[in-house]
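Since the structure comes first, as structure tokens, the remarks are kept for the end.
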Amino acid sequence: MKLTTPPLAPKVIETLANLQIHCVQDLQAVNPCRAFLLLKKSGLSVTQSVFWQLVALCSLKTVWDLTTEQREYWLQQLQNTPLVAIFPAQNQMETYMHTALFQATLAAKMGEVPVGAVVVHRGEIIAAAHNRCIADCNISHHAEIQALAQAGRVLGNYRLNECDVYVSLEPCVMCASAIAQARVARVIFAAREPKMGAAGSVIDVFANKQMNVHTAVLGGILADEAQTILQDFFRLRRENNKLQNCQE
């Protein structure tokens, strides 16, 4: 079912279309809270009445059919919604992610867990790094931490609020916290980390409203490529360990 006027204003429908939200099913998939916040991020001046129109459309109701309990529920959902952002075009994100994946392959060649990260400032890569925990005997030398440090030196500021971080694997708690402290604008990651991921897989540092978080997150960009690099690395490690045990 396409979005129509009424109930939505033509400018709202146009802006939603630019966000790839063309029908009620798209709106339901995005969630009315995120859609409303994305409209605001797009620079559109929207009031709470637009929010209720979005909620009603997702609920397949009219605004007048929404009960007091439903309104209270959706207001709470809106308050709890993590920070949203308008992300770059898919091909642009993939270009930056390829650089992060290349860094991951460099880590694998060194025997490090293959994770790579880059920092992008105003469309330009200003830092690129990969895991060096083993080489440097330093658990803090994850790809993200090193890339943040490089970017800070380039910009002469530890605040990276005009920067995006691309990383081949969902950040852990340490890296997510550092990214949040640096006030990075957007984090784009490839593969999810089901054991240690701190951007939604295990916990979500960036969605915790008790923290002063300024970072929006998007996952799944070139996830298959990143997963292949990780799987190949750990398969080779298991084979080498097995061969070593046989020789002993």
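The shown structure was predicted, so the numbers you read here are calculated from the model rather than taken from an experiment. Side-chain atoms are counted along with the backbone in the values below, which use heavy atoms only and exclude waters and symmetry mates.
To the nearest 0.5 Å, atoms NE2 (His121) and CD (Glu124) are separated by 9.0 Å. The line from CZ of Phe36 to CD of Gln77 is 15.0 Å long, rounded to the nearest 0.5 Å. Interatomic distance, Ile188 CD1 to Leu222 CG, rounded to the nearest 0.5 Å: 11.5 Å. Atom CG of residue Leu148 and atom CD1 of residue Ile179 lie 5.5 Å apart, to the nearest 0.5 angstrom. Considering CD of Glu144 and OG of Ser177, their distance stands at 11.5 Å, rounded to 0.5 Å. The line from OH of Tyr166 to CG of Leu218 is 9.0 Å long, rounded to the nearest 0.5 Å.
The closest side-chain heavy-atom distance from Tyr73 to Gln70 is not below 4.5 Å. No side-chain heavy atom of Met93 sits less than 4.5 Å from a side-chain heavy atom of Asp164. Within the 4.5 Å cutoff, side-chain heavy atoms of Asp136 are placed close to those of Gln146. A heavy-atom distance below 4.5 Å is found between the side chains of Leu8 and Leu16. Within the 4.5 Å cutoff, no side-chain heavy atoms of Asp232 are placed close to those of Pro114. In this structure, Pro32 and Leu57 have side chains that are not in contact, with every pair of non-hydrogen atoms separated by 4.5 Å or more. Side-chain contact between Asp26 and Gln20 is absent, with no heavy atoms from C-beta onward closer than 4.5 Å. Under the 4.5 Å side-chain criterion, counting only non-hydrogen atoms from C-beta, Phe189 is not in contact with Ile221.
Side chain of Asn131 to backbone of Glu112: no donor-acceptor contact under 3.5 angstrom is found. A donor-acceptor pair is defined here as one N or O able to donate and one able to accept, closer than 3.5 Å; no such pair exists between the side chain of Ser42 and the backbone of Leu44. Of the possible donor and acceptor atoms, none in the side chain of Arg238 sits under 3.5 Å from a partner among the backbone N and O of Phe233. Using modelled atom types, one side-chain atom of Thr215 and one backbone atom of Val184 make a donor-acceptor pair closer than 3.5 Å. At least one donor-acceptor pair under 3.5 Å links the side chain of Asn208 to the backbone N or O of Gln210. Listed for the Gln227 side chain is no donor-acceptor partner under 3.5 Å among the backbone atoms of Ala191.
When all heavy atoms are compared, the tightest approach of Ser201 to Glu170 is OG-OE1, 2.5 Å. Listed here is the closest heavy atom pair of Thr81 and Lys209: O-NZ, 2.9 Å. Contact between Ala207 and Pro82 at its shortest, heavy atoms only, is CB-CG, 3.5 Å. Of all the heavy atoms in Lys61 and Asp65, the pair that sits closest is CB-CB, 4.0 Å. In terms of heavy-atom proximity, Val115 sits nearest to Leu169 at CG2-CD2, 3.9 Å. Heavy atoms only, all atoms of each residue included: Gln103 and Ala128 are closest at NE2-CB, 3.7 Å.
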Trace of the side chain to side chain donor-acceptor pair (under 3.5 Å) decision for Gln90 with Glu94 = CA-CA 6 Å; Gln90 181 76 17; Glu94 289 181 359; 3.1 Å; yes

query = Going through the checks in order, is the side chain to side chain donor-acceptor pair (under 3.5 Å) test met by Asn18 and Thr15?
reply = CA-CA 5 Å; Asn18 291 336; Thr15 306; 5.3 Å; no

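One hydrophobic cluster holds both Phe51 and Leu37 under the rule that ILVMFWY side chains link at heavy-atom gaps under 4.5 Å. Residues Val120 and Leu155 fall into different hydrophobic clusters, defined by Ile, Leu, Val, Met, Phe, Trp and Tyr side chains chained together at heavy-atom separations under 4.5 Å. Put simply, Leu39 and Ile21 are part of the same group of oily side chains (I, L, V, M, F, W, Y) that touch within less than 4.5 Å, one to the next.
Contact check on Glu162 versus Arg122 returns a salt bridge, with a Lys/Arg side-chain nitrogen under 4.0 Å from an Asp/Glu carboxylate oxygen.
The environment of CZ in Phe102 is sparse: at most 12 heavy-atom neighbours from other residues, nucleotides or ligands sit within 6.0 Å. In Met196, the CE atom is not crowded: 12 or fewer heavy atoms of neighbouring residues, nucleotides or ligands sit closer than 6.0 Å. Summarising the local packing, NZ of Lys11 is surrounded by 12 or fewer heavy atoms from other residues, nucleotides or ligands at distances under 6.0 Å.
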